[in-house]
Amino acid sequence: MRQYIFGNPLEEFAVVEETDKIIVTSELADKCPVSNMKWEINVEDGWISFTIPLEKNDIVYGLGESMHGINKRGGKYVSYNTDNSHHSDKMHSMYGSHNFIVIDRGCDKSAQGFCFDTPARVVWDIDVDDSGEIVVVCETCDMRLYEISESSENRLLTAYDATRIFRWAIGESYIPPIWAFGFCQSRWGYKTEADVRNVVKKYQEADIPLDMVCMDIDYMDRYIDFTVNKKRFPDLKRFAGEMREEGIHLVPIIDAGVKVEPGNETYDEGVENGFFCTNMEGKPFQAAVWPGMTHFPDFFQASCRKWFGSKYKVLTDCGIDAFWNDMNEPSIFYSEYTKKTSSIKMLINFISKSAAEKYAELDNNAYKDYRHFYHYINGKRVLHHNVHNQYGARMTQAGGEGLEKLLGKGNYLLYSRSSFIGSHRYGGIWTGDNESTWDLLRTNVKHMPSLNMCGFMYSGADTGGFGGNCTRELLLRWLAFSDFTPLMRDHSCMGTRKQECYAFGDTEDFKRIINLRYRLIPYLYEQFVEAAHNGEMYMRPLGFDYPDDRTARVIEDQLMLGQGLMVTPVLEEGATKRDVYLPQDMEMIRFDGYTFTKSEAAKGWHEIEVPINEVVFFKLPNAKVMVTREASKCTRDIDMNDLMEL
Ligand code: MIG
């Protein structure tokens, strides 16, 4: 992997391994030395553009959390982290920015990989109008370009080779404890310890396995970070202990913004030490989020990260070891620079508007705000806009490093909404506010390999969908896919139809589907850990494993998992069958909730029957897949010394 340095970029965050470094001097500025690429540097307007030609059958993989297909061709993308719940192919920006692509040029030519490493805004046109080229415009002149190609490696590369080289360079992905592979129930709306206790009780009554319950913003005292509402959770330590007896880990949320409230410890310490982002006058920048007016911690300062990370102690002292970091794009409802409206009026508007309108508004506001506050980076004031995409990632770094100190490496669960390549070393991600639609289930499938390419291994979507009303059928099919994703969490928005497995009448079908997870956990976790250690992918497009199989290369609704499995989820409403393509002979495995039934299946197309309460997947002939003998009620009860071979 080769690195080209333009101007004066920030210290490296994405890449941790040493690489060949080439400084782009004025001579190189005029003639791009990367084969197949042209670049143009415009110092006056502050951008660099890169143009890469594509052949008709080339596939473009990558871009982590972005819409469109596994093949990114024909899409426009904007790397500019955004809190926007309207996930569709028309949405160009998501919560994270992952500027890594691999161009697969067929098996007789080498694949090429590129990482456009800048926290600034990046606009991608990947052959949108059949232009036959990729155009990437980075809105900065200070950045790094990483190139992986035949010439940088002295050998012909497959798409997977190029990806592995990149993964190796960006360092080992975060590995959570095994219980993080258990099932998690969440909903924005559980307010009190009684609410949480009820969820656990209902799952126990239905005899459905469960390992985690999330605590959303209502557990806090008026949404103030690192506080607990004493009326709702009178003694969190005792309650967390009570839950742990049942095998349950509580997962409280932490938001990016700290409420402006003199007397509150986090606020006072932040102000005293200059840990908050500042406005044009050099005072702490104010913007409204859930707590009302807040300041944003300046996670770019190492001392601020250390401080913020240490604050988790309030909760780890209660026996809590799992967290999700939210609103860290950062999401902003309004500020003095955008909307002059009282916070109450704002919140009423916020709740009554349709999701689309609401977010279009928030989006615009935030966009202006991002040009109104500053960070201190290496003694210099830096406009947020120019480093925007790394903000949430730096919060994950703060949390991850803090929790590692408090609890020890490997002993905590952390996942974030916003991310940037680099934060994959500190925590996982979930893919934000999706909706209860079949399309977004399909998106979940397509996201997984792209995220893995960029280092984000511990990830998953809101199973069943966050917004909108989930149907019983959609939830069952979605769970049947989430059975295989590292994060398996049912989460939904308040105001939507209740989405717990027990909210749809008879629970037996749900139990059968989730039982599969608890049979497979030993294998899934082993494959995950191995892939993380070795810089491999846990979930891959078929084309990565079968690069010269033309049919396999265009399939986007089946994934290779670990070294031995292929998953083939049902993604259509009303379907009881689906077509599956086998790139080689495999064993078909059918799970009915209690037993696995195996049969031989030959290379080629098959139509498979998949009743709503069964899961069908495939195993490579020689793969050794160890599973539990029966589904336990939580991961704690799994006996790793008493497994059986599938
Ligand atoms: O403005 O904490 O993506 O999972 O339930 C919404 C409330 C804030 C957004 C997260 C979602 C969470 C919700 N949060």
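This one's a predicted model, so the numbers in the text were calculated from it and none came from an experiment. Every number for a ligand or one of its atoms is a count from 1 in the order of the listing.
By the ring-ring contact (aromatic ring centres under 6.0 Å, His included) test, Tyr203 is found to be paired with Phe183, Tyr502, residues two or more places apart in sequence or in another chain being considered. Under the ring-ring contact (aromatic ring centres under 6.0 Å, His included) criterion, Phe481 pairs with no residue at all, not counting sequence neighbours.
Close approach of ligand 1 to Phe466 (heavy-atom distance below 4.0 Å) involves ligand atoms 4 (O), 5 (O), 11 (C). Interface atoms of ligand 1 facing Ile217, defined by a heavy-atom separation under 4.0 Å, are 2 (O). Applying the 4.0 Å criterion to heavy atoms of Met327 picks out, from ligand 1, the atoms 1 (O), 8 (C). Numbered from 1 in the order shown, with element, the atoms of ligand 1 that lie under 4.0 Å from a heavy atom of Asp433 read 3 (O), 4 (O), 9 (C), 10 (C), 11 (C). The distance from ligand 1 to the heavy atoms of Trp430 drops below 4.0 Å at these ligand atoms: 3 (O), 4 (O), 10 (C).
With a 4.0 Å cut-off on non-hydrogen atoms, Ile253 touches ligand 1 through its side chain and not its backbone. At a 4.0 Å heavy-atom cut-off, ligand 1 touches Trp324 through the side chain alone.
Residue-environment remark: NZ (Lys76) stays at or below the threshold of 12 foreign heavy atoms within 6.0 Å.
A centroid separation of less than 6.0 Å is found between the aromatic rings of Tyr174 and Tyr412. Close placement of the His87 and Tyr95 rings is indicated, their centers lying within 6.0 Å of each other.
Ring geometry for Phe239 against Phe233 counts as tilted: the plane angle lies between 30° and 60°, on a 0 to 90° scale.
Between Arg244 and Asp321 a salt bridge is recorded (basic side-chain N to carboxylate O distance below 4.0 Å). Using a 4.0 Å cut-off between charged side-chain N and carboxylate O, Asp195 and Arg187 make no salt bridge.
No N or O atom of Trp188 sits closer than 3.5 Å to an N or O atom of ligand 1. Between Asp216 and ligand 1, at least one N/O pair is under 3.5 Å apart. Some N or O of Trp290 is nearer than 3.5 Å to an N or O of ligand 1, by distance alone. Annotation: Asp83 places no N or O atom under 3.5 Å from an N or O atom of ligand 1; distance criterion only.
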